Amino acid sequence: MTDKNYGDPKSTRAYQCFMGRWEGLCKTFDDKGNFLESSAVHMDVYWIDDNTWHLHEDFEKLYGYGPAVYHTDIQVDGKFCSGGNEMVQLHGTELTPFNYVFTIESEISKSTVYNNHYFLDPNNRRIITHKVRDGKTLIFQIQDFVRVQQLRPPVIASPEP
């Protein structure tokens, strides 16, 4: 059992749809669209408090770098969010309840990363990534994720009449 707060899966508040454990595959393409490689990605996303969520992202092989693990606390202000650490600085915006955009300044890839998150349904998410360095496209990536765990809030029994 976990003590992580995945929130109420029925909630419509911004960023709630990210909560849970996710398993994914990241496919990398060059600037001409040629496939380069793919790698597994593991994600665990949960609320720390009412306005902060934590992203644990584990790349088995981040393109051009190797294994990489990110732990990032992200502050929420309405539909906007921001956060960072020594590896990344990011900000994101909810455009619709199931479409989010993020801009990430990456120290690892020395690039600016533009991510579009599309929730295909509540348990399937696609991220389309465009990495830019010195004003030129470095790579494109597509990450497809399936939610494998989403704890529901405990059910509190009603008192007997």
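Please read these numbers as outputs of a predicted model, since none were measured by experiment. Quick note: residue numbers are just sequence positions, from 1. All values below come from the heavy atoms of this structure, side chains included, with hydrogens, waters and symmetry mates left out.
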> For A40 and L25, work out which heavy atoms get closest and say how close.
N-CD1, 4.0 Å
> For the residue pair S82 and Q75, confirm or rule out a side-chain donor-acceptor distance under 3.5 Å.
no
> Is any side-chain heavy atom of H42 closer than 4.5 Å to a side-chain heavy atom of E60?
yes
> Just verifying a value: how many Å separate L36 CG and T28 OG1, rounded to the nearest 0.5 Å?
6.5 Å
> Do the side chains of V101 and T103 get nearer than 4.5 Å, heavy atoms only?
no
> Would you sort out whether N124 and Y118 count as a side-chain hydrogen bond (donor to acceptor under 3.5 Å, both in side chains), showing the intermediate values?
CA-CA 9 Å; N124 290 281; Y118 302 93; over 6 Å; no
> Among T137, T112, N116, whose side-chain hydrogen bond (donor to acceptor under 3.5 Å, both in side chains) with H130 holds?
T137
> Please determine whether side-chain contact (heavy atoms from CB on, under 4.5 Å) holds for the pair Y6 and D44, giving the CA-CA distance in whole Å, both sets of side-chain angles, and the decisive distance to 0.1 Å.
CA-CA 9 Å; Y6 292 116; D44 196 12; 2.5 Å; yes
> Without swapping roles, check the side chain of R125 against the backbone of C17 for a donor-acceptor pair under 3.5 Å.
no
> Count I, L, V, M, F, W, Y as connected when their side-chain heavy atoms are under 4.5 Å apart, and connections chain through other members. Are F102 and I108 then in the same cluster?
yes
> Report the distance from atom CE of M43 to atom CZ of F18, rounding to the nearest 0.5 Å.
8.5 Å
> Let me check something: do I142 and F145 share a hydrophobic cluster, defined by ILVMFWY side-chain heavy atoms less than 4.5 Å apart, either directly or through other members?
no
> Just by modelled atom types, is the E107 backbone N or O under 3.5 Å from a matching donor or acceptor in the K110 side chain?
yes
> Cluster question for you: counting only ILVMFWY and a side-chain heavy-atom cut-off of under 4.5 Å, with indirect links fine, are V88 and L62 together?
yes
> Is V132 linked to V113 within one hydrophobic cluster, defined over Ile, Leu, Val, Met, Phe, Trp and Tyr using a side-chain heavy-atom separation of less than 4.5 Å?
no
> Distance-only, no hydrogens or angles: does the R147 side chain make a donor-acceptor pair with backbone N or O of M19 under 3.5 Å?
yes
> For the atom pair OH (Y100) and SG (C81), what is the distance rounded to the nearest 0.5 Å?
9.0 Å
> Mind checking whether F59 and Y65 have ring centres under 6.0 Å apart?
no
> Hydrophobic cluster membership, with links at side-chain heavy-atom distances under 4.5 Å among I/L/V/M/F/W/Y: are F98 and V76 in one?
yes
> Which atom pair, heavy atoms only, marks the closest approach of R13 to S11?
N-OG, 3.2 Å
> Could you check E57 against V41 for side-chain contact (heavy atoms from CB on, under 4.5 Å), going step by step and ending with a plain yes or no?
CA-CA 7 Å; E57 191 169 20; V41 184; 4.0 Å; yes
> Calculate, to the nearest 0.5 Å, the distance between atoms CG and OH belonging to L90 and Y70 respectively.
11.0 Å
> Check whether any side-chain N or O of D30 sits under 3.5 Å from a backbone N or O of K32 as a donor-acceptor pair, and report yes or no.
yes
> Can you name the nearest heavy-atom pair linking S38 to K27, along with the distance?
CB-CG, 4.0 Å
> Quick check: does any side chain N or O of D49 sit under 3.5 Å from a backbone N or O of T52, one acting as donor and the other as acceptor?
yes
> Mind checking the CD-CG spacing from Q143 to N115? Nearest 0.5 Å is all I need.
6.5 Å
> Quick one: does H117's side chain get under 4.5 Å of I127's, heavy atoms only?
yes
> Kindly give the heavy-atom pair with the smallest separation between A14 and W47, and that separation in Å.
O-CH2, 3.8 Å
